[in-house]
Amino acid sequence: MTTSIRKIPAIKRFLVGDVAKRMVATGIVILAFIIGLNVLAPYLTPNKPTGARADGQLFRPFQEPSKDHIMGTNDIGLDIYTRVLYGGRVPLLVATFSTLFALLLGVPLGLLSGYLGGFLDKLISLIMDSLFAFPGLILAIAITAMIGPSILNTAAAIAVIYVPVFFRVVRSQVLSIKELLYVEAAKSIGESTLSIVFRYILPNTIPGILVILSMGFADAILIEAGLSFIGLSTVVPPDASWGLDVAIGRNYLLSGSWWIITFPGIMLIFATLGFSLISEGLNDLMNPKLSE
Amino acid sequence: MLLNVINLKKYFPVEKSFIEKLITKTKSFVHAVDDISFSIRKKEIFGLVGESGCGKSTTGRLCIGLIEPTDGKIFFDGCEISSLAKRELKKLRKKIQMIFQDPTASLNPKMRIGEAISRPLKIQGNYSKQEIKVEVLQALDTVALTPPENFYHRYPYELSGGQRQRAVIARSLVLKPEFVVADEPIAMIDVSVRAQIMDLIENLRKGRQMTFLLITHDLASARYLCDRIAIMYAGKIVEIGFKNELFTNPQHPYTKALLSAVPVPDPKHKIDRIIIGGEVPSLINPPKGCRFNPRCPYAETVCQTVEPILDKVGDEHYVACIPKPFYKK
Amino acid sequence: MSSRNNTHLLEVSRLNVEYLTKKGTVKALRDVTFKLDSGTALGIVGESGCGKSTLAFSIIRCIQPPGFITSGSIFFDGVDLLQLSENKMRKMRGKNISLIPQDPMTSLNPVMRVGEHFMEMIGNHEPHLDKAERKKRALDILEKLGIPSERFKDYPHQFSGGMRQRVMIGLALLLNPKLVIADEPTTSLDALVEAQILELIQKLTKELSLTLILITHNIGVVAEICNRVIVMYAGQIVEEANTLQLFDKPLHPYTEALLASVPNPIEEIKKLNWIPGSPPNLLNLPKGCSFYLRCRYAFDKCRTTEPELINLEERRVRCFLYERGE
Amino acid sequence: MTLKAYIITRSLLALPMTIFLLSVVFIIVRILPGNPIDLILGPHATPEMKTILAQRLGLDIPIYLQYLHYIAGVFQGNLGKSMHTGIPISQEILQYFPNTVVLAVAAMFVALAIGIPLGVLASQRFSKTEDIIVRLFGATVYVIPVFWLGMILQLVFGVYLRIFPVAGIGPLPSKSLTGLYILDFLLVGDLQGFAKSISYLVMPAFTLGLIISGVFMRLTRTYMVETMRQDYTVAAVSRGLRKQTIIYKYALRNALLPLVTMIGLEIAGLLAGAVLTEVTFSWPGLGTYLVSRIGLRDYPAVQGCIVFFAVIVIVVSFIVDLTYAYLDPRVRL
């Protein structure tokens, strides 16, 4: 016999509905771990990422993971574990700069365009939509190929991709918030345009901005790695960067040196996963329709 | 007369895509408010009643200068609202305020109640921090959000619907205005606390000598609260009168139908209902002549061509209907 | 399969529904018990959040997670709906019990033609009928509702609100169900259209001798259409009576206060009452009577003990004021 | 708005979009710091060499004239000549592009085949274990660098298990009829060649498709959760319709409308991913072409390639918008 009566178990009552929060928390833990590794790298390994052991000698290249080198050594005899620890600095820096650039440009434009409307809005939107439609990586490739890769240059190239993302999200939120009654109420008590934008609209777009911000971090790390992969690396060997190390490893793939690409790749995934979990969780938290 | 509205019109342009603009030269408009006139006395609660989309909320927004009229004039205490410069309009806000339908939506979710209520004072300037706090607490007290200190630091989501609406009213009171436009102040509130909001409005009128324009679709509460009522249909006022006259001796077929459509909370009362077919017409191309003529059971041919104007039929009782079937009887 | 013989069309007993939310468990329905005879038009009134819509959806077993029916039984025509398999229950919906939803504007599939909704419904429940017969039945009901047959091929967005609600009523009545539940059927409509629809519902109820459950917050609508009323407060039935009795002499302090707080459009009212405070938080119900804090008759016992529904002649009330011997 | 008006509006919008994107490419190539002449010739070039190269590249005339020549050229389908091979760039692109189309279409197929069913599954098991697993899977595939996944697959299935070829596109058909080699195999009737070329296609298409599928999974889930809660779906449940009818005819059909738009936007992601995938698998497509020309400092070719991508994106998004308009009766009218 079937029944549609459900006893709700106590454990379910206890656990209900915090999937989103747990996603954000997991993301933060992963990130803290990754950033911790990068900051504490000098204390976690006796070796240097670019050169050598304490005595200045290189290791034997192409060593499989072993007790001495838990992640093996690479083509020129550097310890991969050490490089993995240090290799996040460049992508994280590039990601930070690029999302900051994009945020500083995209958010004000979105606010302006969305709130003022009219021809200006149409024009900016057209430009931003065109940029948005363009494959981001290819745009970044074009820009870095022309201006040459460096931390700031690469960050700027990636920022160009993300400006329209911030713009679109902020603008669409402004458009919907602008129609809300509390904005009209603010007008009715005589609030100035500036005050409406900054007191009533901007604070309510912040959750949306945070979602894009963390997604932007994840994407920036991936794009930086992608640029490294096709030879537009931000740093040159022997400096360490996860993307670059994966790119180098590609040359030794057929000989089966799996460890050269595997470990930096996993670190890349972990770092981006941290950001994307935060973004996904925040998105749920702000969208009550999707959470129970 | 505190407020005089004369031949007020508001047409909203219909948003068109770029290509439609190319194809058709003619611009089309939503005739939201189409040539209405009325006046409100000091200390009066004036009701503007109609179905959704009849233009009553637009009228309310026009009356506080939130949007500009397409044509016509609004005089408040002798000065014309629509001709005011921004700075003068800001001064006028001290005297005119508005309450909106949805209390939840009319409070910024990221702003504490105290801050929200203090904004009108801060915008006007000339108040010290101390004064502002005193005024805000006093306003909270007036709307019975007591003890006021408890509510000062709360966020809107921590309040119930009725409490939020009282906070909104407090915000509109803090400058001690003379005139308040209340746009469906009880529509989104639980039945059991509606009367509380209505009593609050009534007490403000008595105690503070305030004047209200009450916009509502609910005839029963309009009858409870208002002194005079104007009935709107499709952008036009079809009938104005004192509430008892209007409810006991309605003249316009629309008023009559509207009154008979209200469900009466009394099972012994048997309604002789006038069932009107069809639905409210599009205001982009409103019907020629009387706007109600396609649905009106008493329509004559003349109604299809001649636009009726408000005609005096009794003591301050005006109706815009050509055949006047009930009056003649 | 449990079944028993009785004369009631619907017999709900001790129905409990809970919603699991992040903040805790919301007790949406608490021990809801009532019987409904064939041919009755029952009104269920209460303010928003009192559980009246939850009750409607529980009867057709359409409570979506995070809501759960945690205990109780719903006997319909002698069969406990809560013990049916999902497939058997599905066949009951629309055929034996149907629902008229609240907002007709959003209740039709926007990418399907209006006629398709009817054809699909018949095809689903009476697959033996061929296409011509299906169409005939659909057009029959459209005619009854005053919808021109040429509109069969239109999409929902081409219909006005009133027309859409007619369509929803048509879908609900298409298969001659024994019980129709109307969940605030006119709340989202304008006054004159509301009058049309109420008239239509009244007419059809009589013509087809339907059993109707009408869920509404509008006391006037109940007074007009229903012959029996249940008043709900905070997930419980607080009073049940014949309509005339209830309006004549409300027993529960909440009913009394509620009726006194509603303005009557046909008479001049000097003073309305209002109930202080607001309904209790269903996450954290107070001990004792849930109306205690707002009640003007409350005494000590109300604070500590929860009152049961007391059977009086022909009516029931959940209040200590009516306990026998006190 | 009628569909016709919509089409016209949309096509008129495509023009400024194209011009804007072309301008962006121009700015990147000609105006940003980093002079191609210096980049090509290196630090030790003499002024004479620079002048000659500037003439060859058409960089010796005023910048606005360069811009006009460039725009006019693009609209005539003239993207200049490769510095490396001397062949017109448009000709080179058309030689590589069909291979990218094959990869992109196959990857899109994989992405939809994985993403939509899993998204529907997650929405039906909302907040339950299956849902959480699908979401984590979606979040993870989204963040895997596509080239890294490709290399891992190459290692496992190519180097160790030897199930699929490690890289390359495989043999080409004897005759080129449509340009799309995979169709040509079928047209020629060479089934063996067809099977062989499929075995080369599997890994790159799966790699790219899996990465893209995360987005579809997530969107399908989101839209389905929304449409499952819409009044029309609840009303359909209350009418006792079959579960399959409700899921597919009510929820999914309505969820597909916004999904079509997102598919259009994902074309950009697909092309970007295709560049990296092609490089990883040495797939002779446009991405490989672009990357190799960057390495060779063949700037006219790089510019032409990017212009071509821009045009493709605009054309595809145009088609997708029309599909949306066609599918939604509210737009169709």
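Per chain, numbering begins at 1; letters A, B, ... match sequence-line order.
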For this session: Report, as yes or no, whether the 6.0 Å neighbourhood of atom CZ on A:F270 holds more than 12 heavy atoms from other residues, nucleotides or ligands.
Result: no

For this session: Check the surroundings of atom NZ in B:K176: do more than 12 heavy atoms from other residues, nucleotides or ligands lie under 6.0 Å from it?
Result: yes

For this session: Quick one: which of B:Q97, B:K122, B:K94, B:M98 has the most heavy-atom pairs under 4.5 Å with chain A, could you say?
Result: B:Q97

Exercise. Within residues 188-203 of chain A, which positions have a heavy-atom distance to chain B below 4.5 Å?
Worked result: A:S188, A:I189, A:G190, A:E191, A:S195, A:R199, A:Y200, A:P203

Problem set entry | chain A neighbours within residues 101-117 of chain B, where any heavy atom lies under 4.5 Å away | B:Q101, B:D102, B:A105, B:S106, B:L107, B:N108, B:P109, B:K110, B:M111, B:E115

Exercise. Heavy-atom count around B:E68 CD within 6.0 Å, excluding the residue itself: above 12?
Worked result: no

For this session: Among the options B:R61, B:R171, B:Q124, B:K90, pick out the one with the most heavy-atom pairs lying under 4.5 Å from chain A.
Result: B:R61

Exercise. In terms of heavy-atom pairs under 4.5 Å, which option from B:I123, B:V168, B:L175 contacts chain A the most?
Worked result: B:I123

